[in-house]
Amino acid sequence: MSFLKVNGLDASYGKIAAIRDISIEIEAGTIVTIIGPNGAGKSTFLKALMGLMPYKGHASFEGAELGRHEVQARVGKGIILVPETRELFSEMTVRDNLTLGSYSRRFQSRASIREDFDKVYSLFPRLAERAGQEAGTLSGGERQMLALGRALMARPKLLMLDEPSLGLAPIIVREIFQIIANLRSMNVGVLLVEQNARAALQTADFGYVLETGEIVMSGPAPDLLNHPRVMQTYLGGSTI
Ligand code: ATP
C-alpha cells in the first residue's frame, strides 16, 4: 500500500483547468519532487492535496480516501504544507512560532513537545541561537528554516514543501536541502515542489516533471538528472 496515492487529479480556477489527470505516489521515508516552470500548476496541486481547493479524481493517504476531509482533518492525519509564502507570524518570536507549530498536538504531553523543540533546535542550531528573536527580523534563509522547523513541530507524516529554495542564496539552498534529505531518517514522506530542478533532483528519490498542468515525464531522480530533455530544459543544458 502506498503512503500517498493520487490518481487522475484535476483542479480548476473557475472554468480554467490548472492541473489535469495528475497521478503520483509517495512512500514513507522517501522524497518525491515535482519540478516544472512558472505557472505549471505545482502550487495548485499542493493546495488541492492540502484541502485548500476542490478537485476531481482520487487522493488517498495511508489507504483512506482524502476527498471528504477538510484542511484541519488532514493536519490531524499528519499532512502538513509549508507554502511558498512561509506564513510566519512576524511579530512573534522564533520560539513562539515553533510552539504554534505544535498546536495540533496541544493535548499531548509537554515532554513530547519539549523533545521536538530539542530535535528542531539540533536540526537548525541557528534557530536555537535566535529563539527569542522576532520572526520578521530573520534573514530569508532563517525564515525558511523556521517554516520547516514549525512544520516539523506538528510531527508530519507527509510534509509538502512549496519552493523552499525561493529567494535564497545558493549556499543556503544547499543547507536547506541537506536538512530536507535528512528527513528520510525521521520516516517523513516529503513532496517537494521546486523550480530549482537541479537542487530538487539531487535531493529526491523520484521525480515528476509538470508542464502546463500535466505530468510529462517521471522517473528515479538520478535518471531525470541525466535525461537529455530535462538537462536541456531545466538544467541549462549542462551536466552537474
Ligand atoms: P510558480 O512556480 O510560478 O509558483 P506553479 O507551477 O506553482 O507556478 P500555480 O501557481 O499552481 O503554478 O498556477 C497554475 C496556473 O493557475 C497558472 O496559470 C496561474 O495563473 C493559475 N492560477 C493560480 N492561482 C489562481 C487563482 N487564484 N485564480 C485563477 N488562476 C490561478
Side-chain angles (χ1 to χ4, degrees), residues 31-47 50 80-98 100-101 119-154 156 158-186 188-205 207-210 221 224-225 230-231 233-240:
I31 301 175
V32 169
T33 188
I34 300 180
I35 59 167
N38 276 126
K42 303 182 299 298
S43 301
T44 302
F45 181 56
L46 294 189
K47 277 188 220 157
M50 197 62 228
I80 302 287
L81 170 67
V82 179
E84 203 173 307
T85 47
R86 291 153 203 178
E87 306 287 332
L88 298 170
F89 296 94
S90 17
E91 282 163 25
M92 291 171 64
T93 62
V94 166
R95 189 186 300 110
D96 289 346
N97 270 277
L98 291 176
L100 280 173
K119 209 182 291 171
V120 167
Y121 285 152
S122 74
L123 271 175
F124 303 99
R126 207 117 34 111
L127 295 183
E129 288 162 20
R130 288 165 169 69
Q133 190 172 325
E134 279 186 15
T137 63
L138 296 174
S139 72
E142 289 161 357
R143 273 205 288 275
Q144 183 58 56
M145 289 176 195
L146 180 53
L148 270 171
R150 191 179 58 178
L152 291 175
M153 290 298 291
L158 173 65
L159 185 59
M160 302 196 287
L161 306 175
D162 196 351
E163 304 231 9
S165 77
L166 193 74
L168 303 183
I171 187 167
I172 309 290
V173 172
R174 268 198 296 279
E175 198 177 327
I176 298 273
F177 277 66
Q178 187 55 54
I179 290 162
I180 295 171
N182 291 341
L183 296 179
R184 284 189 188 91
S185 65
M186 293 163 69
V188 177
V190 177
L191 178 55
L192 170 66
V193 152
E194 261 297 341
Q195 274 194 61
N196 186 335
R198 188 184 304 276
L201 290 171
Q202 282 171 346
T203 308
D205 301 294
Y208 295 87
V209 180
L210 186 68
L224 290 180
L225 264 178
V230 174
M231 281 163 65
T233 314
Y234 297 104
L235 306 174
S238 63
T239 50
I240 303 161

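- To the nearest 0.5 angstrom, R143 atom CZ is 8.0 Å from S90 atom OG.
- Distance alone, capped at 3.5 Å, places no donor-acceptor pair between the E134 side chain and the G136 backbone.
- When all heavy atoms of F177 and A199 are compared, the pair lying nearest together is CD2-O, 3.5 Å.
- With a 4.5 Å cut-off on side-chain heavy atoms, K119 and L152 do not count as touching.
- Shortest non-hydrogen contact noted between G141 and I176 is O-CD1, 4.0 Å.
- Judged purely by atom type and a 3.5 angstrom limit, R150 has no side-chain atom pairing as donor or acceptor with the backbone of G101.
- Of all heavy-atom pairs between L224 and Y208, the closest is CD1-N, 4.2 Å.
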Please test R174 against I171 for side chain to side chain contact (heavy atoms under 4.5 Å, CB included), starting from the C-alpha separation and ending with a verdict.
-> CA-CA 5 Å; R174 268 198 296 279; I171 187 167; 4.3 Å; yes
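- A heavy-atom distance below 4.5 Å is not found between the side chains of L46 and I34.
- In this structure, the side chains of F45 and V193 stay at 4.5 Å or more apart for every pair of heavy atoms.
- The 12-atom threshold is exceeded at CZ of R184, counting heavy atoms of other residues, nucleotides or ligands nearer than 6.0 Å.
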Please report the C-alpha distance between F89 and L100 in whole Å, then the side-chain angles of each, then the deciding distance to 0.1 Å, and finally whether the side chain to side chain contact (heavy atoms under 4.5 Å, CB included) criterion is met.
-> CA-CA 9 Å; F89 296 94; L100 280 173; 3.6 Å; yes
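- Across P156 and A151, no two heavy atoms sit closer than the pair CD-O, 3.3 Å.
- No donor-acceptor pair under 3.5 Å is formed between the side chain of K42 and the backbone N or O of L210.
- In this structure, the side chain of E142 does not engage the main chain of R126 through any donor-acceptor pair within 3.5 Å.
- Side-chain atoms of L98 and R95, non-hydrogen and from C-beta on, never get closer than 4.5 Å to each other.
- Of all heavy-atom pairs spanning A204 and A221, the tightest one is O-CB, 3.2 Å.
- Residues L148 and P164 have side chains not in contact (no heavy-atom distance under 4.5 Å, counting atoms from C-beta outward).
- With contacts defined as side-chain heavy-atom distances shorter than 4.5 Å, the pair L138/M145 does not qualify.
- Atom CE in M153 sits 11.0 Å away from atom CG in N97 (nearest 0.5 Å).
- In this structure a side-chain-to-backbone donor-acceptor pair under 3.5 Å is missing from T233 to V230.
- With a 4.5 Å cut-off on side-chain heavy atoms, L225 and L235 count as touching.
- Rounding to the nearest 0.5 Å gives a distance of 9.5 Å between CG of L158 and CG of L81.
- The distance from the OG1 atom of T203 to the CD1 atom of I179 is 11.5 Å, given to the nearest 0.5 Å.
- Between A200 and T33, the shortest heavy-atom contact is CB-OG1, 3.4 Å.
- To the nearest 0.5 Å, atom CG of residue L159 and atom CE of residue M186 are 9.5 Å apart.
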Would you please test I31 and L183 for side chain to side chain contact (heavy atoms under 4.5 Å, CB included) and show each step?
-> CA-CA 9 Å; I31 301 175; L183 296 179; 5.7 Å; no
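- Residues Y234 and L201 fail the side-chain proximity criterion, which asks for heavy atoms closer than 4.5 Å.
- If you take CE on M50 and CD1 on I80, they are separated by 6.0 Å, rounding to the nearest 0.5 Å.
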